[in-house]
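Residue numbers begin at 1 in each chain, while the letters A, B, ... track the order of the sequences.
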2 protein chains.
Amino acid sequence: MNLLIKGIFSWRLFLLLEKTTSQGLRATGRRMTRTRKAVLSLLEGTQQPLSASEIFLQLQKDQIAIDLVTVYRTVNVLKELGLVVQLDLHQEGQSRYELKEGRKHHHHIRCQMCGKIVDLLLCPLKKLTKLIEERTQFVVEDHTLEFSGFCPKCQ
Amino acid sequence: MNLLIKGIFSWRLFLLLEKTTSQGLRATGRRMTRTRKAVLSLLEGTQQPLSASEIFLQLQKDQIAIDLVTVYRTVNVLKELGLVVQLDLHQEGQSRYELKEGRKHHHHIRCQMCGKIVDLLLCPLKKLTKLIEERTQFVVEDHTLEFSGFCPKCQ
DNA sequence: CATTTATTGCAAGTCTATTGCAAGTAAAAA
DNA sequence: TTTTTACTTGCAATAGACTTGCAATAAATG
């Protein structure tokens with residue numbers, strides 16, 4: 001398996017690709033391809049959640065030719081496999097994607113000025129979920145929580 | 001002022017239009033028009049938050065001809081005036097609008113099956129906001145919180 | 001009721017994302 | 001290794017939500 005995407009080797013990336021191939025793709029009759037490796041590699045090496053067009057542009061910079069359509073299809077496959085989380089942040093008009101692999105459930109805060117996104121490593125909603133289920137008679141499956149404001153640089 | 005939209009008179013609607021005109025529109029050099037009355041009237045009489053196209057279609061049913069573009073412009077004006085809140089619910093791909101007038105800050109739960117949206121008359125995030133400001137050094141301006149799951153009918 | 005200028009409708013455009021299909025290619029079978 | 005199978009990709013076209021330009025319309029004011 002060719003791991004030398006962009007000429008950079010990462011042990012974490014190797015494990016991620018291995019696991020994705022054997023437990024994710026192969027198990028669902030899918031294949032590990034050049035483009036899927038490239039997208040996984042990029043997401044693995046990036047802090048901020050990326051949009052489809054950002055992934056497209058970054059890979060273009062890295063001399064990896066992938067159609068934008070393929071980026072959309074790829075992140076959707078990775079989402080189905082549970083490897084990637086899709087974020088629909090308020091007032092962004094586009095989705096962002098981040099690796100879920102090995103990360104705890106968390107939320108985000110976004111700067112209204114520069115768009116910087118920072119992880120919030122907390123979730124205060126477990127108790128609240130029960131209360132809501134009692135009050136509304138819904139079965140709660142998911143929640144989204146997002147803060148926005150001004151980051152230190154933009155205040 | 002013609003209040004007889006759809007031939008139905010409502011005292012609450014009368015007060016809303018009066019207040020909107022004098023304190024909102026007039027104060028910002030804007031005008032109370034047939035279309036703004038119609039949109040306000042519809043939102044005032046609806047429980048669920050409505051999307052632009054839903055507003056458009058409902059007004060068409062009510063024999064009130066308003067262009068979809070005008071609906072978008074109208075809800076944006078009402079949003080600027082602070083009379084309407086824009087909701088960008090997860091996985092909906094479109095914004096919804098609800099009257100803010102006279103309502104407390106609240107959040108929503110949405111059925112993943114039928115799309116029904118129910119108000120949650122609570123907000124557990126006041127204390128959390130301070131903690132987040134301390135941890136991230138952001139100044140928090142806003143937050144969004146949304147639950148999803150299955151409503152009683154769809155379970 | 002005439003004037004001023006905000007507002008509307010229509011057409012066209014933007015942006016994000018999806019779909020159909022022929023060509024390309026990874027993985028299994030021979 | 002070669003062949004076969006069918007999953008993937010790129011390209012073009014399309015869909016859907018929303019915006020913009022502009023001429024025509026219609027509120028508000030004197």
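- The distance from atom CZ of A:F56 to atom C1' of C:dA17 is 14 Å, rounded to the nearest whole Å.
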Subject >> Base versus backbone protein contacts along nucleotides 2-7 of chain C [heavy-atom cut-off under 4.0 Å; B, S, -] >> reply: ---BBS
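- Going from atom CZ of A:R96 over to atom P of C:dA17 covers 10 Å, rounded to whole Å.
- Looking at heavy-atom distances under 4.0 Å, B:S95 makes contact with sugar-phosphate atoms alone, never a base.
- Side-chain contact check for A:D142 versus B:Q112: some heavy-atom pair is nearer than 4.5 Å.
- In the displayed structure, A:R103 atom CZ is contacted under 6.0 Å by more than 12 heavy atoms of other residues, nucleotides or ligands.
- Taken over five-pair windows at either terminus, the axes of the helix from C:dC1-D:dG30 to C:dA30-D:dT1 are inclined to one another by 30° (rounded to 10 degrees).
- Legend: ring-ring contact (aromatic ring centres under 6.0 Å, His included) pairs involving residues 54-86 of chain A, not counting sequence neighbours: none detected.
- When atom types are taken as modelled, the side chain of B:Q155 and the backbone of A:Q137 share a donor-acceptor pair closer than 3.5 angstrom.
- Rounded to a whole Å, the CG atom of B:D67 is 18 Å from the P atom of D:dC22.
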Original post:
How far apart are the C-alpha atoms of A:Q58 and A:L50, what are their side-chain angles, what is the distance that settles it, and do they pass the side-chain contact (heavy atoms from CB on, under 4.5 Å) test?
Top reply: CA-CA 10 Å; A:Q58 186 58 49; A:L50 299 178; 5.7 Å; no
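- The shortest distance between side-chain heavy atoms of B:V71 and B:T35 does not fall below 4.5 Å.
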**OP:** Please lay out, stage by stage, how B:E92 and B:R96 fare under the test salt bridge (charged side-chain N to carboxylate O under 4.0 Å, His left out).
**Re:** CA-CA 9 Å; B:E92 277 227 320; B:R96 293 181 174 279; 2.6 Å; yes
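- B:L59 and B:V77 end up in the same hydrophobic cluster when Ile, Leu, Val, Met, Phe, Trp and Tyr side chains are linked at under 4.5 Å.
- Residues A:E141 and B:F150 form a side-chain contact, since some pair of their non-hydrogen atoms from C-beta on lies under 4.5 Å apart.
- You'll find the side chain of B:M32 reaches within 4.5 Å of the side chain of B:K37, heavy atoms only.
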Please list, pair by pair, any protein nitrogen or oxygen found under 3.5 Å from a nitrogen or oxygen in nucleotides 28-30 of chain C.
none

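- Distance alone, capped at 3.5 Å, is enough to place a donor-acceptor pair between the B:E146 side chain and the B:H90 backbone.
- Nucleotide D:dT8 holds its P atom 13 Å from the CG atom of A:L40, rounded to whole Å.
- Within the structure, ring-ring contact (aromatic ring centres under 6.0 Å, His included) pairs that include any residue of residues 98-138 of chain A comprise A:H105-A:H107, A:H105-A:H143, A:H106-A:H108, A:H107-A:H143 (at least two apart or interchain).
- Ion pair B:E80/B:R30 flagged as a salt bridge, since at least one NZ, NE, NH1 or NH2 atom sits closer than 4.0 Å to an Asp/Glu carboxylate oxygen.
- When rounded to the nearest whole Å, the span between CG of A:L89 and P of C:dT16 equals 15 Å.
- Nucleotide D:dT19 holds its C1' atom 14 Å from the CD atom of B:Q86, rounded to whole Å.
- One atom, CD1 of A:I66, and another, C1' of C:dT25, lie 14 Å apart when rounded to the nearest Å.
- Rounded to whole angstrom, the span from the CD atom of A:Q91 across to the P atom of D:dA17 amounts to 19 Å.
- A:L83 is not connected to A:V85 by any chain of hydrophobic side-chain contacts under 4.5 Å among Ile, Leu, Val, Met, Phe, Trp and Tyr, and they are in different clusters.
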Short heteroatom pairs, N/O only, protein and nucleotides 18-20 of chain C, under 3.5 Å:
residue	atom	partner	partner atom	Å
C:dG20	O6	A:R73	NH1	3.4

